[in-house]
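Working notes, beginning with the structure itself.
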Protein chains: 2
Amino acid sequence: MTVKEIAELAGTSRGTVDRVLHGRGNVRPELRSKILKVIEETHYKPNQLARALINSRKKFHIGVVLHSVGNPFFEDVLKGIRYRAAKFESHGIELTVKEIKGFSAREQIDAINELKNEQIDGLVIMPIDVAEIRRVLSSLAIPVVTLNTDIEVPKVAFVGCDYVNSGMICGDLAKLILCNGGTVAIVIGNATIAGHTERVKGFLASVGEAEAIRVMTPIENEDDDDISYRKVKELLQETAPDLIYFGAAGIEGGIRAVLECGRRIHIVTVDYTDTVKRYLKSGVIAATVTQQPFVQGDEAINILFNVLADDRQPRDINNYTRNQVLLRNSKEY
Amino acid sequence: MTVKEIAELAGTSRGTVDRVLHGRGNVRPELRSKILKVIEETHYKPNQLARALINSRKKFHIGVVLHSVGNPFFEDVLKGIRYRAAKFESHGIELTVKEIKGFSAREQIDAINELKNEQIDGLVIMPIDVAEIRRVLSSLAIPVVTLNTDIEVPKVAFVGCDYVNSGMICGDLAKLILCNGGTVAIVIGNATIAGHTERVKGFLASVGEAEAIRVMTPIENEDDDDISYRKVKELLQETAPDLIYFGAAGIEGGIRAVLECGRRIHIVTVDYTDTVKRYLKSGVIAATVTQQPFVQGDEAINILFNVLADDRQPRDINNYTRNQVLLRNSKEY
DNA sequence: CTGAAAGCGCTTACAG
DNA sequence: CTGAAAGCGCTTACAG
């Protein structure tokens, strides 16, 4: 079935069929019904290829705002973004990426404004969760996709990690390892960061079932290796946890402290930085739970482009990537 | 850059540019060089959308031979196949699926011959590894993709599980759980099935590093729940393993025997059947390692269609899906 | 060996 | 409100 055939069957022209197909109005009601009936009866499905070929005449300009570039985690997100943009090359995508070093709300707002001046049609952003950013994003007249970290603003979709679930899976790992009970220490960046506390929440929910496991109050390392080293060092002088769960960054410093103490302590981490990779392969880290950063970037662009070019909304506003358990012999194909 | 522009710059016609682009010959050498030079200089990239639109005029008929349908694992493979076929609907794909119940080489050969009569352009098959099938497949003049189970025949690609690695990851799990040492029993279907022995091999390679872990000789249950029940029952009367690794089917029967014995034994399994799911969620199974059956079906069709429609060979002949560790709280988004 | 023309299925002005 | 025509970027006969 083609538009031409539909038009013939309905005794009209392709242009009119197209108007009905896209609800552009300006069609006599009876004619409209007739066309709809023919479409219905013939099970007409528009050819996506032809449609995309036409659509590719329009350019869709997508702006991306990322921070902390240089960090391998975010590099993977960026790779996913570029991968999907390359896939849409023929489809008329145009990408402008603003990379910000560190976490500056001021710089993030400047980047958004620059993109606005470049007339972007949609925005993908890893937002910093402060009131000012929320205000700026809410006043935007274009579709927004929040990436990796969510924030309360009107948006087309959030693509990122289900942190509570990530914490639960780490709790499952702790239960496996400490099947005869034991004490757990938790190290996170900062209790004001939603993702970090959600991980702790999930961890406790999962481990709560195991009576023989005792969990100590989380330690904060500000995602900094030096602080992490110092705090873990202190911790190990005072107590003797059987397992440490590193639910954020600062893993390198923390592990250094563990290794120096000489005792055998099980370690569970998150993500897959070079440090984690090295210690996982050497057996120092028992397991790590990753969140598919590449897929996050990939999917964010995919969703936004489909909204812009084809008005196809995502099924769900929340798009969580998989929390994957990697062990010593896990491969990254 | 378009073919038209290339033609103008090279002072020739679109038809001739097209001939050069596809190496169809019949172009004067000097003209050919000139066209290639222009293509090079302008960084011309053919528009995939337009190309696919044209290609969709041709129909590519793909035959699929699957066995053991009804088994949820294979159902997921089939879902992946249908998913990708639907994606290629506009691209001119035509699919004929032959489902065989059980493992009959005879029926598999009949299915292949029926597909041959239907003039398929390519074949996706989960081959039964016997000489006769190898002979039939080798004599086929069309591209073949082996799915889930590999077999020594000329082929475009194999898509399936890296069984050795799957076993290694299960070994990693055993090491986590038995961090203070212990005894492991292994249950597989049959030592003549490559995937099963490869899993054992991987498991031993991984566990071999841990001196405190003793691994017993694998038990064979013929992938049958009743045999599995009986054999595990016997095993538990004679010995007291701390962990049982079920590296194939017959999990339901085996676990029944474990539960009846009343002792606490850690269980690690493969795949994600309803039985596994239920026992994983209830904490009876500690962890399972899955092989992405949906992705296997999806990817097999994807690879074969790209070969047929666009002559795009896969990068690698072996396409392994991820061996994923699922724990109690793992989600299937 | 080469080019002019037609066509894939759709959408977009434009004239009425 | 409607239809005839042009065009997206590519490939395919076909005539020479």
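We use all heavy atoms of the structure for the numbers below, so side chains are in, but hydrogens, waters and symmetry mates are not.
With Gln292(A) contributing its side chain and Arg322(A) its backbone, the two residues share a donor-acceptor pair below 3.5 Å.
Counting only Watson-Crick or G-U wobble pairs whose defining distances are both under 3.5 Å, the stems of 3 or more consecutive pairs in DNA chain C are C:1-3 with D:14-16, C:5-12 with D:5-12, C:14-16 with D:1-3.
Residue Leu49(A) is classed as having no contact, given no heavy-atom separation below 4.0 Å to the nucleic acid. Using a 4.0 Å heavy-atom distance criterion, Ser90(B) is classed as making no nucleic acid contact.
Classification of the Phe305(A)-His91(A) ring pair by plane angle, with boundaries at 30° and 60°, yields perpendicular.
In this structure, the CG atom of Asn26(B) is 13 Å from the P atom of dG3(C), given to the nearest Å.
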Quiz item: Which parts of nucleotides 8-16 of chain C does protein reach within less than 4.0 Å, heavy atoms only, written one letter per nucleotide 5' to 3' as B for base, S for sugar-phosphate only and - for none?
Solution: BBBSB----
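An OP1 or OP2 oxygen of dT2(D) is reached within less than 4.0 angstrom by no side-chain nitrogen or oxygen of Ser13(A). Between Thr16(A) and dC1(D) there is no side-chain N or O to OP1 or OP2 distance below 4.0 Å.
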Quiz item: Are Asp18(A) and Arg14(A) close enough, and set up right, to give a salt bridge (Lys or Arg N to Asp or Glu O under 4.0 Å), and what steps lead you there?
Solution: CA-CA 6 Å; Asp18(A) 193 71; Arg14(A) 305 193 251 172; over 6 Å; no
Quiz item: Can you check side chain to side chain donor-acceptor pair (under 3.5 Å) on Ser138(B) and Arg135(B), steps first, answer last?
Solution: CA-CA 5 Å; Ser138(B) 298; Arg135(B) 205 162 40 239; over 6 Å; no
Exercise. Run the numbers on Thr321(A) and Gln296(A) for side chain to side chain donor-acceptor pair (under 3.5 Å), then give the verdict.
Key: CA-CA 7 Å; Thr321(A) 46; Gln296(A) 288 181 14; 3.2 Å; yes
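A salt bridge does not link Glu299(A) to Arg84(A): none of the charged nitrogens lies less than 4.0 Å from a carboxylate oxygen. Between Asp298(B) and Lys87(B) there is no salt bridge, since no side-chain nitrogen of the basic residue lies less than 4.0 Å from a carboxylate oxygen of the acidic one. At a threshold of 4.0 Å, the pair Asp110(A)-Lys98(A) does not count as salt-bridged, since none of the basic side-chain nitrogens sits closer than that to a carboxylate oxygen.
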